[in-house]
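Indexing begins at 1, ligand by ligand and atom by atom, following the structure's order.
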Amino acid sequence: MGNAVILVAAGKGERAGGDAPKQWRDLAGKSAVDWCLQTFRGHPDIDQIVLVVNSDDFEKTKGFAGINVITGGANRMASVLNGLNALGENPPEKVLIHDVARPGVTPEIIDGVLGALKTSCAAAPALAVSDALWRGKDAKVIDTTDRTGLYRAQTPQGFRYRSILQAHKNFTGDAADDVEVALAAGIDVKIVPGDESNFKITLPADFARAENFLRGPMDIRTGNGFDVHAFEPGNQVTLCGVDIAHDKSLKGHSDADVAMHAVTDALYGALGQGDIGQWFPPSDPQWEGSESDVFLRHACNLMVKEGFHLTHVDCTIICEEPKIGPHSTAMRQKMAGIMGLSADRVSIKATTSESLGFTGRKEGIAAMATATLVKS
Ligand code: MG
């Protein structure tokens, strides 16, 4: 008893182009099959899943746990019947039949179909046609068609298991979908709301559109960082990984690269992952004299682990001296190399504070930075 879904994935999907059948191509990180499995597995009212694949693709399903994988027939009708027959051992009360070429199926659509099946023999999602409709020939309009009462059909289409099994067994010829099979058997089909995200991937251009829906809204993060180090007696400072001869050095536990610290904190900030002091406590002797790229590389690795990539870094160094301009190109290149960015995405600039404050009194150097991260 309960509810089952048959995921029909046996097609060759040749119109969609590409090397692999469309249902197995990467779509925002996983295949259409994986997206559909994720949605139906996650639905609390789905008790059994049958995945119907082409025998050529059976290999790809190794490791798919908790579902029944079977091979399809010569066409969609035969594949669905194979799926229905596979449920015969443990027949459900209701069955949904879904084309995996619609990876944008949502829990709400499934809810709508299952909800309607409580009072109807069959239910399927659809969207009312809103465009004007024409009949055309040789790129010319030869007639117009009234769109009143016309719908664009989607899946999953839901049925009482025993009635759709019988309908499929009795059906001869080919049908565009299972609603057509149901109607031929005299079964009433209720229309429930579909969703534009649940469109069918058919042509090459549909992949980019599907990725937009599946990825969801873009996750863009901006982080800021600020750091200050005081001068102490010495003969060079390290800024953005570049050693610059100077009549003082910067005081700090590590190499005191104030600019690299600000950029590193901007990355941690964008990730909501604290700051350098939390990851590399000054009290820990192992970071004594450490080169600051250790910290920046750590933040970059964390960023990749969290699924983000860096698109831009802007850093401002605030000091009266040393002069930053002659070194800014080397700094950009050094920073870009550490972060795996092209140098044109790294901005290093400098300003004085007009002789005001601690930087104006040449007591130290301050740096501020902004980093922009995008979910990959
Ligand atoms: Mg610092």
Engineer: Is any NZ, NE, NH1 or NH2 atom of the basic residue among K251 and E363 found under 4.0 Å from an Asp or Glu carboxylate oxygen of the other?
Structural biologist: no
Engineer: I need the protein N, O or S atoms closer than 2.8 Å to the Mg ion (ligand 1), given as residue plus atom name.
Structural biologist: D227 OD2, H229 NE2, H261 ND1
Engineer: For H253 together with F280, are the ring centres under 6.0 Å from each other?
Structural biologist: no
Engineer: Which one of T61, L51, V53 satisfies the side-chain contact (heavy atoms from CB on, under 4.5 Å) criterion with V33?
Structural biologist: L51
Engineer: Could you tell me if R221 sits above the aromatic ring of F308, with its cationic atom closer than 6.0 Å to the ring centre and no more than 45 degrees from the axis?
Structural biologist: no
Engineer: Do T238 and S292 come close enough that some side-chain heavy atom pair is under 4.5 Å?
Structural biologist: no
Engineer: Is the cationic atom of R209 (NZ for Lys, CZ for Arg) positioned less than 6.0 Å from the six-membered ring centroid of F199 and within 45 degrees of its normal?
Structural biologist: yes
